[in-house]
Structure formats: structure tokens, C-alpha cells
Protein chains: 2
Amino acid sequence: MPKRADLSDTFCPVGRSAELLGDRAVLLILRDLFFGRRRFEAIAANTGLGPQLVSARLKLMEREGVVERHAYQERPPRHEYRLTAKGKDLFDVLYAMRNWAERWAYAEGETGAGPAMRYVHRACGTDVGTSTVCPGCGEPLRYGDLKGEPSEALRAEQAARTG
Amino acid sequence: MPKRADLSDTFCPVGRSAELLGDRAVLLILRDLFFGRRRFEAIAANTGLGPQLVSARLKLMEREGVVERHAYQERPPRHEYRLTAKGKDLFDVLYAMRNWAERWAYAEGETGAGPAMRYVHRACGTDVGTSTVCPGCGEPLRYGDLKGEPSEALRAEQAARTG
DNA sequence: CTTGTCACTATGATTATCATAGTTACGATG
DNA sequence: CATCGTAACTATGATAATCATAGTGACAAG
């Protein structure tokens, strides 16, 4: 491809987000980071992306300020990647994607009974379904408010990928 | 590229969404459709994408059931593209992207005073800022509840692109 | 001193994307 | 009736991103 058009200076907010988020690899890496996977190899294994692509995208995300590279030990040198505040604030986007998929992207009963990924509001214990506001207590849902529990099908799939 | 890994059968909901939404062109086309642009040429002009790419993505989106091709006149044959219910339900994703960008992707005062795109809750007239719940009346915000008003900077940019 | 782990980098084949130009179907203008 | 204009595309060739696979550097353990 010739260099794709740059959207980083458009005044449209969706355009600016699309520069970073309009990329499969970035979305998958973000998903893993939100899920608590911080190490390079773990992300590469679970996403199924090649190490070159993971490396390139993590560098991009670091430049964009959504992740931070952090040494968790010196000898041998080992690093992990953490979401910054700007990165954590992408939770709403990923959660909206999840909600949409749960509503539209599965065949009847494909994940057994219930959603592929169940979320419970920590504060009140309510299963939030696919709402942006807790159906129990009415509070808007933010990053950290929810406890996710993967369905049996999803757990099995992840186990197969990560060995 | 070699054929990229297929995510349409993963059990992860973010993965399933990423298959469609992890693509700049799809996001830009969705943005335009939400904004009321339904004609092929209008979308191509405003997004800046080539007609080949717009054509390919609209076909993909039709296969995925998020848009419908609709003839609005017979002679000469003219078509427009409309969001289906499944497509309209992507509003939360685009809105979350917009909110994130408004909070993080602009330099101080870059769009003048206020956001690049202002949204007002139709039901109560409150400026919703970057919330998912109306700060005035507390209602969750859905597609159709909001009236968008582009900033002067954004209006000028769009006018320049669409001639 | 060989094997193993983590975090990458290098290489080559394949394919998506862009810019530009061309096509089809018609209506309107001169 | 020949040309111009518009909408909605399709065709072509150059360029660049992606994938699979293999390899590197730093260390630790056996």
C-alpha cells in the first residue's frame, strides 16, 4: 500500500480515534492488557499475532501514550506493558464492542447458556448483562467496577492458545 | 500480507467485533453513516478513501448485516446505504471513541472553546459533555437521543473535503 | 555446556491499499 | 444527436503492511 492517509490531524474525534483503534492488532492487544496479560510473550500467544506485529503495535501504543513499558526485573532484563490512564480510559470502547458482539455476533446457544463473557458489578453484585449502566443500582459502569468471568467455551479456547 | 488470521469464530466478543471494527475504513464509513451521509460518492469524498476501498468495505458491511443497499431511484439507477438495526447498535462504540478522543486527542484549545463535536440530549436539552449518561437527567444515552453540533473547525474541514 | 525462557529482530513471500484512470447508465444542454 | 455532467462504481500498477518462520541476546537452571 502507499502510505495510508493520516488522520491524526483531522478535527473529527472518531477519525482521531480510528488512527489508533482502527487496527485489529491494537484492539486485540488492548483486550489482553485489560484482561491482565502484561507480558510480551503472553500477549503474542493469546492474540495469535506474530512477535513482529506485537512489537510494532506496542511501540505505537507507547508513542501514543496508552501503554508504558516497565522493567519488572533487571537480570535477565524482563519487561511488561501497562495501561496508562489514557489507555485505561479506552475501557468504554472495548466494553461497547463486547456488548455489541454479545448481542449480535453469536448464534443461539453458541456459548452455552448466557454470554461469552459475564460481567458483574462489584459494588452491588448485579450481572450487568450488556448495559452501560448497572441494571441493579443504576450507576454508570467504569473500568474497575466490573468483574469478568469468561464462559466455559472462552476459557477452553484461551487455554488451547496459551498452551 | 498473507491472509490474516480469522477472528469470526473466536469466543471472545472483542475479537469478533475486531474483525469488523478493527479497520480504519469501516470506522470512517460508519461515522459518515451515523452522520447522515448515505451516498457512495459523499462517503468517498468525506472520508478521503478511494472508491475501491469504499466499495469493498460497504460490501463487507452488507454481508455482516450492518448496512443495507437501497435504491432510491430507478432511472438512472442510484443507491444509498442505510444502517440496519445491527448497524445502529454500533452507536455506543463510535460514541465511546468520540468521548475518548475529546478527552485525550486534542491539544489545549485546538478546536476553539469546547469539544470538536458537541452533543446535546434531545430529551432535556443538556450538553452531555463526554458522558455515557446524561448529566442533566441521568438517562443512559442511546442512538437518536443526541443532537450533534460540529465545532467551527470541524465544519470547515468537512466543507473543504466535500467541495 | 546444553537446554529453556523471555523479549524481541531479520527475512522473504503474499496481499491489501492507494492514486489514477476508465466504465456504465442515464439526464440535460446546445 | 453529439457532447457534457453526475452517480456509482471497476480496472490497473506501484507501494507497503502482514504473516510464517527462523534467528539473536541475555541470562538461569540442570
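Proteins come first, then strands; the chains are lettered A, B, ... in the order of their sequence lines, and each starts at number 1.
- A donor and an acceptor atom, one from each side chain of B/Arg69 and B/Tyr81, are located under 3.5 Å apart.
- A salt bridge does not link A/Lys59 with A/Glu62: none of the charged nitrogens is closer than 4.0 Å to a carboxylate oxygen.
- Taking for each of B/Gly50 and A/Arg78 the nucleotide of DNA chain C with the nearest heavy atom, the 5'-most of the two is the partner of A/Arg78.
- Between A/Leu60 atom CG and C/dC8 atom P there is a gap of 15 Å when expressed in whole angstrom units.
- OP1 or OP2 of C/dT9 sits under 4.0 Å from a side-chain N or O of A/Lys59.
- The shortest distance between the side-chain N/O atoms of A/Arg38 and the OP1/OP2 oxygens of C/dA7 is not below 4.0 Å.
- Sorted by first and then second residue, the ring pair (Phe, Tyr, Trp, His ring centres under 6.0 Å) pairs involving residues 35-75 of chain A (not counting sequence neighbours) form an empty list.
- In this structure, the nucleotide among C/dC26, C/dC8, D/dA8 sitting nearest to the side chain of A/Tyr81 is C/dC8.
- Residue-to-nucleotide contacts include no donor-acceptor pair under 3.5 Å from the side chain of A/Gln52 to the base of D/dT21.
- Checked against C/dA7, C/dA16, C/dG27, the side chain of B/Arg57 finds its nearest nucleotide in C/dA16.
- Here ring pair (Phe, Tyr, Trp, His ring centres under 6.0 Å) pairs that include residues 123-159 of chain B, with residues two or more places apart or in two chains, are B/Phe34-B/Tyr143, B/Phe91-B/Tyr143.
- Listed pair B/Ser55 / D/dT10 meets the phosphate criterion, a side-chain N or O lying under 4.0 Å from OP1 or OP2.
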